[in-house]
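Both counts, for ligands and for their atoms, begin at 1 and track the order of listing. Counting begins at 1 with the first residue of the sequence. All figures in this text were calculated on a predicted structure; none of them were measured in a lab.
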Amino acid sequence: MRLILMGPPGAGKGTQASHVADHFGIPAISTGDIFRANVSEGTQLGVKAKEYMDAGEYVPDEVTNLMVRNRIDEDDAKPGFLLDGYPRTLAQVEELDGMIKFTGHELDAVVVLTVDPEELVQRLLQRAETDGRSDDTEDVVRRRQEVYSEQTEPLIEVYRERGLLREVDGMGEVDDVTERIFAALADVRES
Ligand code: AMP
């Protein structure tokens with residue numbers, strides 16, 4: 001099973017990604033989490049990524065693509081994976097197509113979580129208080145929404161045209177959203 005979970009910052013992707021991945025017995029691969037782990041370990045990749053993350057901008061495609069390529073090459077990702085936060089640009093879509101094709105598989109579905117924009121900002125500001133993420137300040141939160149609209153929203157149409165898109169209401173209780181995702185994926189056949 002090869003899945004993508006999309007949605008604007010604050011839509012609850014991370015939480016849902018781990019529930020859904022557990023359910024299907026595949027790893028949840030979050031580019032944001034991998035970047036954050038590198039930042040805290042002070043690796044070269046982390047140093048490079050941090051300046052973009054703190055400004056609410058995307059880390060350059062070459063850096064991100066290589067990181068994902070290495071990650072999905074690991075053994076635990078051979079039976080499949082759920083990508084959380086990747087692809088986020090059209091160039092990343094193309095790159096991912098190549099990576100999956102190389103393994104002889106196909107992408108099975110793309111779930112997009114839809115959330116009311118007002119609710120998003122509230123969620124992110126609340127997360128800033130509880131988690132203390134350095135990219136959750138108000139200006140950066142706003143910039144991240146803009147970057148999402150400009151660079152990532154166009155991907156929704158790309159996947160819709162391919163017949164892979166599953167739009168899921170991301171509002172409400174976490175468990176209800178998880179159930180909606182499962183329902184939206186009920187007819188997905190693994191390729
Ligand atoms: P996230 O935790 O998914 O919101 O990601 C946090 C930050 O990591 C983003 O604001 C970007 O700076 C960076 N990032 C995560 N995924 C990507 C990606 N696919 N392409 C470029 N930058 C990314």
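Listed by atom number, the atoms of ligand 1 under 4.0 Å from Thr64 heavy atoms are 18 (C), 19 (N), 20 (N), 21 (C). Using a 4.0 Å cut-off to heavy atoms of Thr31, the atoms of ligand 1 that qualify are 15 (C), 16 (N), 17 (C), 19 (N).
The pair Glu167-Arg160 counts as a salt bridge, with a side-chain nitrogen and a carboxylate oxygen less than 4.0 angstrom apart.
Both the backbone and the side chain of Val59 come within 4.0 Å of ligand 1, judged by heavy-atom distances. For Tyr58, heavy-atom contacts with ligand 1 shorter than 4.0 Å involve the backbone as well as the side chain.
No more than 12 heavy-atom neighbours from other residues, nucleotides or ligands sit within 6.0 angstrom of CD on Glu94. By the neighbour-count criterion of 12 heavy atoms within 6.0 Å, atom CD of Glu74 is densely surrounded, having more than that number from other residues, nucleotides or ligands. Heavy atoms of other residues, nucleotides or ligands lying less than 6.0 angstrom from CD of Glu146 number more than 12. Atom NZ of Lys101 sits in a sparse spot, with 12 or fewer heavy atoms from other residues, nucleotides or ligands closer than 6.0 Å.
Among Lys13, Arg143, Arg36, the residue whose heavy atom lies nearest to atom 6 (C) of ligand 1 is Arg36. Taking each of Met53, Met67, Arg88, Lys50 in turn, the one with a heavy atom nearest to atom 1 (P) of ligand 1 proves to be Arg88.
For Tyr52, no nitrogen or oxygen atom sits less than 3.5 Å from a nitrogen or oxygen atom of ligand 1, counting backbone and side chain alike. The N/O atoms of Gln92, backbone and side chain alike, include one that comes under 3.5 Å of an N/O atom in ligand 1. In terms of polar-atom proximity, defined here as any N/O pair under 3.5 Å, Arg144 does make such a contact with ligand 1. Residue-to-ligand polar distances keep Gly56 apart from ligand 1: every N/O pair is separated by 3.5 Å or more. The distance criterion of under 3.5 Å between nitrogen or oxygen atoms is met by Gly85 with respect to ligand 1.
Using a 4.0 Å cutoff on heavy atoms, Glu57 counts as a contact of ligand 1.
Atom CG of Asp108 sits about 9.5 Å away from atom CG of Leu185, to the nearest 0.5 Å. Between Thr89 atom OG1 and Gln151 atom CD the span is 7.0 Å, to the nearest 0.5 Å.
Hydrophobic clustering of Ile, Leu, Val, Met, Phe, Trp and Tyr side chains at less than 4.5 Å, counting indirect connections, unites Phe182 with Val177.
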